[in-house]
Structure formats: structure tokens, C-alpha cells
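Down below is the structure, laid out as C-alpha cells.
What's counted below: heavy atoms across the whole structure, side chains too, no hydrogens, waters or symmetry copies. Start at 1 with the first residue, then count along the sequence.
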Amino acid sequence: QVRLMESGGGSVQAGGSLRLSCAVSGFIYSSNCMGWFRQAPGKEREGVATFYTGAGSAYYDDSVKGRFTISQDKAQNMLYLQMNSLKSEDAAVYYCAAVWPPIYYGICPREEKNFAYWGQGTQVTVSS
């Protein structure tokens, strides 16, 4: 059974930091594409960043570039999103997602439709 579970969300003041975690189980984590998405109230879900676990290469949306960083612990099948210099517009429910089957090598898709597995989400609140 494939399972993705996010944690680490919470409330923070603007300018602060949070680190989100995604625990992955039930499928082969290595050499696959993972992604972080977010959905703010009244808005569509949007991509934040994607990550190829094989090479550790990442793509970031312009809105978070320079502030957010993806990392991983391959041994623990964990994916992380370090979020610094948070802004009010970063407030949203953040989702971890995985592409399946793992047909992409190095260059990950960005569209939601390519991500077959999703976590339940974790809330990030940013107060100004």
C-alpha cells in the first residue's frame, strides 16, 4: 500500500521558517519524481517544487525560488521542504506527491496529472 504522509506544518510569522516532511512507504522511492504542491483557500492547487530522487535534482516555481529547498533522506524514504523567509502568500495546505510509474529520468513533470500518489496535506499558516 502506497502511503505519503506530510508533517511539519504550523503557524509562523512572516519572515519565519518551517520544514515540512513527507514520509514515503509502499513503493520504490529511489529514482522517481516527487513533488510539493500547495492549495490556498479559494485557489487552485499549484506546484511548488519537483525533485528527482535519483540525482537529487530539483525544480522550483519562481514564487519560491531562493526561499524553499527540497532535500531527502534516501535511507529513510523521507522528502523535506525547507521553507525560509515565509510570506503571507505562502499560507496554504501543502501536499507531497509522487509520480507513478517512474518513467521520468532526471527531468520531472510539473503537472498534477502526472502525480499518482498524494499525501493528506499539512497546513501552513503565515501571519503578518
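- One side chain, N84 or Q82, offers a donor N or O that lies under 3.5 Å from an acceptor on the other.
- Each of R38, Q123, Q39 was evaluated against Y94; a single residue qualifies, R38, per the side chain to side chain donor-acceptor pair (under 3.5 Å) test.
- Residues W118 and V93 share a hydrophobic cluster, clusters being chains of Ile/Leu/Val/Met/Phe/Trp/Tyr side chains in contact below 4.5 Å.
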Item to complete: In sequence, state the C-alpha distance, the side-chain angles, and the governing distance for Q13 and L86, and then conclude on side chain to side chain contact (heavy atoms under 4.5 Å, CB included).
Response: CA-CA 8 Å; Q13 288 191 329; L86 282 162; over 6 Å; no
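- Listed here is the closest heavy atom pair of P102 and S31: CB-O, 3.9 Å.
- Atom CD1 in I70 sits 8.0 Å away from atom CH2 in W36 (nearest 0.5 Å).
- Using a 3.5 Å distance cut-off with no hydrogens or angles, the side chains of Y80 and D73 do not pair a donor with an acceptor.
- How far OG1 of T50 is from CE of M34: 11.0 Å, rounded to the nearest 0.5 Å.
- With hydrogens and angles disregarded, a donor-acceptor distance shorter than 3.5 Å links the side chain of K74 to the backbone of T53.
- Criterion: ILVMFWY side-chain heavy atoms under 4.5 Å apart, direct or through other members. Under it, V48 and L20 are part of a common hydrophobic cluster.
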Worksheet item: Could you walk me through whether R19 and M83 pass the side chain to side chain contact (heavy atoms under 4.5 Å, CB included) check?
Response: CA-CA 6 Å; R19 189 177 83 152; M83 306 186 297; over 6 Å; no
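- In this structure, F115 has its ring center no closer than 6.0 Å to that of W100.
- Using a 4.5 Å heavy-atom cutoff, the side chains of S21 and M78 are in contact.
- Annotation: F51 is not in aromatic contact with Y59 [ring centroid separation under 6.0 Å not met].
- Classification of K65 and D62 as a salt-bridged pair holds, one side-chain N sitting under 4.0 Å from a carboxylate O.
- The neighbour count for E89 CD, taken as heavy atoms of other residues, nucleotides or ligands under 6.0 Å away, is above 12.
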Worksheet entry | Stepwise side chain to side chain contact (heavy atoms under 4.5 Å, CB included) test for L18 and V124 | CA-CA 9 Å; L18 283 173; V124 171; 3.9 Å; yes
Practice prompt. For the pair L79 and L4, evaluate side chain to side chain contact (heavy atoms under 4.5 Å, CB included) and give the outcome as yes or no after the intermediate values.
Written response: CA-CA 10 Å; L79 187 73; L4 283 69; over 6 Å; no
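- Inter-residue side-chain proximity for E46 and F37 is flagged as unmet; no heavy-atom pair is nearer than 4.5 Å.
- Residues R110 and D61 form no side-chain contact, since every pair of their non-hydrogen atoms from C-beta on lies 4.5 Å or further apart.
- V24 and V2 fall within the same hydrophobic cluster, defined by Ile, Leu, Val, Met, Phe, Trp and Tyr side-chain heavy atoms under 4.5 Å apart, directly or through other members.
- The aromatic rings of Y105 and Y52 sit perpendicular, their planes meeting at an angle over 60°, well past the 30° parallel limit.
- Atoms CG and CD1, from N114 and I103 in turn, are 7.5 Å apart once rounded to the nearest 0.5 Å.
- Between C33 and P109 the shortest side-chain heavy-atom distance falls below 4.5 Å.
- Here the closest heavy-atom approach between residue S17 and residue S85 is recorded as OG-N, 4.3 Å.
- With hydrogens and angles ignored, the 3.5 Å screen pairs a side-chain donor or acceptor of T122 with a backbone N or O of G9.
- Distance check: C108 SG to N32 CG gives 7.5 Å after rounding to the nearest 0.5 Å.
- Residue A92 comes nearest to A40 through the heavy atom pair CB-N, 3.7 Å, listed as atom of the first residue, atom of the second, then distance.
- Across every non-hydrogen atom of A49 and Y60, the tightest pair is CB-CD2, 3.7 Å.
- Between the SG atom in C22 and the CG atom in N77 there is a gap of 10.0 Å [rounded to 0.5 Å].
- Considering CD of E6 and CG of L81, their distance stands at 11.0 Å, rounded to 0.5 Å.
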